[in-house]
Amino acid sequence: MPELPEVEHLRRSLDPWVVGGRFGRVSVRRRSVVSFATDRLRADPESALLSNAAIVATHRRGKQMALEAATGRVLVIQLGMTGSVTIERGAHPRGIDAKHRHVIWEFTPAASATSALPDDGGETDRPWRLVFRDPRRFGGLTAYESVEALGEVWSTLGHDALRASGRLLRSSLDRSTRPIKAALLDQAVIAGVGNIYADESLFAAGIHPLRTCKSLHPEDFHRLASKIRLTLSRAVRAGGSTLRDYRDAFGEPGDAVQEHKVYGRAGQPCPRCPARLEGLRVGGRATVFCPRCQDLGSDLSTKLDA
DNA sequence: CGTGGCCCCTGTGGGC
DNA sequence: TGCCCACAGGGGCCAC
């Protein structure tokens, strides 16, 4: 699943094409992936899906991305585990790639994006499309009336993780008994961290994933916030982590997997010390950490007693 | 309040 | 080759 870096890289790859561009007709092939914030939107699904509208902005908070139309309407895109948004033209794909294409828009890209392309030999009749595809359907589209309505919903999310703040993490967590990893995965605490980057950030900060939040010191929160910002911004720059499904707007995978120090490496040597990385489950999610580099701190005695 | 356990889905890889 | 199981980047809900 795409976490913040994948969503942000996707947003950046889409932005120059859709902002200044325009959606034409929309084809909804699986209705259940679309939801509407109000009955008014539900009553006119085409305009709720920004059909025949100019796109004026893209937005993102945490793992959610949104397109804003000149009509004022807003469409949120959530990728879930396997969602993708791609720009394509010409023949529709065949075979396995043709499955799970739930929403397809006719699309006129921004002129500034296409003017940079090589001459297409006069094939101006080949229409562009924007495609939302999602095999597992954990993702989906949600229509809102306005950016104000979107803002109300997004205000229930925590601070965007690219701007993680040690002070904010500390003030919202310093009385919490939850394990720090569970808190990082809670989008109401901080928005955008998922299973990969939670483990990577905790490793970078030298904090054990089972450390209770309240046992962390102010400097731990600050170091963790700083490592979250660093880990995520590096991953954005690498184009995101492609484990299997993630692709950007042009179908390109990202390279951030090369930078993973612990995720998916249980049983392998720690990259920083002679110990071996260990695996466990926190909040039902696979978790990898170094038992030597990542300090259980003042929770140590409690854990040993148990 | 916090957690573990389900559930929503499809696809893939490993073990036999 | 096939079958069955476990597992996967997310998130919501429920009972304890």
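Chain identifiers are assigned alphabetically (A, B, ...) following the order of the sequence lines, protein sequences preceding nucleic acid strands; residue numbering begins at 1 within each chain.
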Problem - Under 4.0 angstrom between A:R281 side-chain N/O and C:dA8 OP1 or OP2 - result: yes
Handout entry: ring-ring contact (aromatic ring centres under 6.0 Å, His included) contacts touching residues 81-114 of chain A (sequence neighbours left out)
Key = A:F23-A:W105, A:F23-A:F107
Exercise for the section: Using the ring-ring contact (aromatic ring centres under 6.0 Å, His included) rule, collect all pairs that involve residues 249-296 of chain A, keeping only residues at least two apart or in two chains. Expected result: A:W17-A:F250, A:H208-A:F289, A:H260-A:Y263
Practice task
Answer yes or no: is there an ion pair linking A:R136 with A:D245, defined by an N-O contact shorter than 4.0 Å?
Solution key: no
Fill in the blank from the handout: The side-chain contact (heavy atoms from CB on, under 4.5 Å) partners of A:P218 (sequence neighbours excluded) come to A:R170
Problem - Common cluster, A:L168/A:I228, ILVMFWY with side-chain heavy-atom separation under 4.5 Å - result: no
Exercise for the section: Please examine the side chains of A:S13 and A:L10, heavy atoms only from C-beta on, and report whether any two atoms are closer than 4.5 Å. Expected result: yes
Exercise for the section: Go through the structure and list residues passing salt bridge (charged side-chain N to carboxylate O under 4.0 Å, His left out) with A:R229, not counting sequence neighbours. Expected result: none
Handout entry: Salt bridge flag under 4.0 Å for residues A:D160 and A:R60
Key = yes
Practice task
Find the distance A:D199:CG to C:dA8:P and express it as a whole number of Å.
Solution key: 11 Å
Handout entry: Nucleotide range of DNA chain B lying under 4.0 Å from chain A heavy atoms
Key = B:dG2 to B:dT12
Handout entry: Nucleotide pairing, DNA chain B (Watson-Crick or G-U, distances under 3.5 Å), in dot-bracket with [ ] and |
Key = .|||||||.|||||||
Fill in the blank from the handout: side-chain contact (heavy atoms from CB on, under 4.5 Å) filter on A:S146, not counting sequence neighbours, yields A:E148, A:A149
Problem - 5' priority, DNA chain B, between A:R244 and A:G283 [closest heavy atom] - result: A:G283
Exercise for the section: Check whether A:V147 and A:V76 end up in the same hydrophobic cluster, where Ile, Leu, Val, Met, Phe, Trp and Tyr are linked by side-chain heavy atoms less than 4.5 Å apart. Expected result: yes
Exercise for the section: Measure the distance from CE on A:M81 to P on C:dG12 and round it to the nearest whole Å. Expected result: 14 Å
Fill in the blank from the handout: Within residues 148-157 of chain A, the residues having a heavy atom closer than 4.0 Å to DNA chain C are none
Exercise for the section: Would you mind classifying the nucleic acid contact of A:Y197 as base, sugar-phosphate or nothing, using non-hydrogen atoms under 4.0 angstrom? Expected result: nothing
Practice task
For the pair A:E145 and A:R40, find out whether any cationic side-chain nitrogen is under 4.0 Å from an anionic carboxylate oxygen.
Solution key: yes
Practice task
Strictly below 4.0 Å, heavy-atom distances to any atom of DNA chain B: list the hits from residues 175-187 of chain A, or just say none.
Solution key: A:S176, A:T177, A:R178, A:P179
Handout entry: Contacts of type salt bridge (charged side-chain N to carboxylate O under 4.0 Å, His left out), residue A:R137, not counting sequence neighbours
Key = none
Problem - Distance, P atom - from B:dG5 to C:dA6, rounded to whole angstrom - result: 15 Å
Exercise for the section: Quick one: closest heavy-atom pair of A:I196 and A:S241, and the distance? Expected result: CD1-CB, 4.1 Å
Handout entry: Note: A:D15-A:R11 ion pair, threshold 4.0 Å (strictly below)
Key = yes
Exercise for the section: Select base, sugar-phosphate, or nothing to describe what A:D245 touches, counting heavy atoms under 4.0 Å on all strands. Expected result: base
Handout entry: Within residues 134-173 of chain A or reaching into it, pairs that qualify as ring-ring contact (aromatic ring centres under 6.0 Å, His included) - sequence neighbours excluded
Key = none
Practice task
Go through residues 97-105 of chain A and report each residue with a non-hydrogen atom lying under 4.0 Å from DNA chain B, sorted by number.
Solution key: A:K99, A:H100
Handout entry: A:R101 and A:E88 ion-paired at < 4.0 Å
Key = yes
